[in-house]
2 protein chains.
Amino acid sequence: METTADIAPEQACPISPVVDLVFSRWTTPILWTLNEYGRHRFVELERRITTISPKVLTQRLRQLERDGLVSRTYHAEVPPRVEYAITDLGRSLAPLFASIADWSVNLGKVDRARQDYDAARPTG
Amino acid sequence: METTADIAPEQACPISPVVDLVFSRWTTPILWTLNEYGRHRFVELERRITTISPKVLTQRLRQLERDGLVSRTYHAEVPPRVEYAITDLGRSLAPLFASIADWSVNLGKVDRARQDYDAARPTG
DNA sequence: CTGTATCCCGCAAGATACTG
DNA sequence: CAGTATCTTGCGGGATACAG
């Protein structure tokens with residue numbers, strides 16, 4: 001019951017905590033969207049990330065809010081309006097996202113590696 | 001029918017392909033280990049990443065090999081010896097890993113955000 | 001509009017045993 | 001040592017309906 005960074009099993013790897021935080025499923029598209037295009041209402045996020053269900057979107061937004069990466073603002077109007085925005089802490093991930101975007105140039109090499117691998121094993 | 005990279009569902013987000021490739025489960029500890037500590041035999045990886053089962057380790061290593069991020073060398077000895085090493089392409093992820101490691105300084109802020117969030121919602 | 005509440009399902013991953 | 005084979009399970013996630 002260690003509240004701090006007690007050695008989690010798969011952690012031969014010091015970057016795992018950040019990976020778990022930032023790169024769990026759906027979090028990247030949400031953070032990217034809020035970072036690139038500014039604040040969004042719930043339904044706007046739903047429309048941008050077309051395949052996410054409302055349940056899962058809610059789950060991920062709550063998690064991101066709890067982690068301090070996203071802020072939620074409730075406007076008690078009729079109809080109600082809720083706005084999600086990235087926080088300063090969330091914005092601090094931008095260089096990290098940029099690093100990843102930079103590496104995308106290598107995706108072609110990955111494709112070629114896969115083709116070579118598969119070609120060398122025709123039947124399996 | 002998009003001529004280019006046809007718009008995958010969750011891709012309001014151009015970095016998703018790299019995220020799926022590099023940050024799927026178990027891949028980060030494997031790549032980190034091979035990158036930091038050099039080539040490893042199968043059993044050595046098992047010992048470093050203590051909670052992974054041999055089945056899953058094999059699956060992930062095959063995937064990484066197919067993607068060109070890891071190389072596998074089989075030595076037909078008795079007993080057999082297999083060595084896994086990171087490739088040049090895999091090593092090119094190092095700056096990305098460094099970005100993530102750098103961001104780890106912010107984990108304290110995440111912890112505090114969680115405490116604040118939980119404190120504001122005692123019973124749920 | 002902004003969610004919750006259920007129910008259900010598939011698949012990644014764990015446990016265990018076994019092979020070359 | 002370096003894996004495979006088989007079985008089982010947990011949980012994320014989809015679908016749907018409903019509430020404030």
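Residue numbers start from 1 in every chain, and the chains themselves are labelled A, B, ... in the order their sequence lines are given, proteins ahead of strands.
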For C/dG3 and A/Tyr84 - does any side-chain N or O of the residue sit under 4.0 Å from the phosphate oxygens OP1/OP2? yes

What do the steps show when you test A/Gln115 against A/Arg112 for side chain to side chain donor-acceptor pair (under 3.5 Å), and what is the final call? CA-CA 5 Å; A/Gln115 286 169 20; A/Arg112 250 168 285 132; over 6 Å; no

To the nearest angstrom, the NE2-P distance between B/His75 and C/dG20 comes to 23 Å

Rounded to the nearest 0.5 Å, the OG1 atom of B/Thr27 sits from the CD atom of B/Gln59 at a distance of 13.0 Å

Record whether the side chain of B/Lys55 comes under 3.5 Å of the base of D/dG3 through a donor-acceptor pair of N or O atoms. no

Using OP1 and OP2 only, check whether a side-chain N or O of A/Ser53 sits under 4.0 Å from D/dG13. no

Selected nucleotide, minimal atom distance to B/Phe42 side chain, candidates D/dG3, C/dT4, D/dC1: D/dG3

In whole Å, I'd like the distance from the CD1 atom of B/Ile49 to the P atom of D/dA2. 14 Å

Is any side-chain nitrogen or oxygen of B/Arg25 closer than 4.0 Å to OP1 or OP2 of C/dC11? no

What is the separation between atom CZ on B/Arg47 and atom C1' on D/dC1, rounded to the nearest whole Å? 10 Å

Examine C/dT2: is either OP1 or OP2 under 4.0 Å from a nitrogen or oxygen in the side chain of A/Arg72? Give yes or no. no

Rounded to whole Å, please give me the gap between CD in A/Gln59 and P in C/dG3. 13 Å

Nearest whole angstrom, please: distance from the C1' of C/dG3 to the CD of A/Glu44. 16 Å

Does NZ or CZ of A/Arg39 lie under 6.0 Å from the centre of the six-membered ring of A/Tyr84, at an angle within 45° of the ring axis? no

Please report, rounded to the nearest Å, how far the C1' atom of C/dC11 is from the CH2 atom of B/Trp26. 17 Å

Spacing of B/Glu83 atom CD relative to D/dG3 atom C1', expressed in whole Å: 16 Å

Which of the following nucleotides, D/dC1, C/dG14, C/dG3, is nearest to the side chain of A/Thr58? C/dG3

Report the residue (B/Pro80 or B/Ser24) whose heavy-atom-nearest nucleotide on DNA chain C is the more 5′ of the two. B/Ser24

From C/dA13, C/dT2, C/dT4, pick the nucleotide closest to the side chain of A/Arg62? C/dT4

Can B/Arg72 be said to sit on top of B/Tyr74's aromatic six-ring, NZ or CZ under 6.0 Å from centre and within 45° of the ring axis? no

Please tell me which of A/Arg60 and B/Arg41 maps to the more 5' nucleotide of DNA chain D, matching each residue to the nucleotide holding its nearest heavy atom. B/Arg41

A/Glu46 CD - C/dG3 C1' separation (whole Å): 9 Å

Using 30° and 60° as the class boundaries, would you call the ring planes of B/Phe23 and A/Phe23 parallel, tilted or perpendicular? parallel

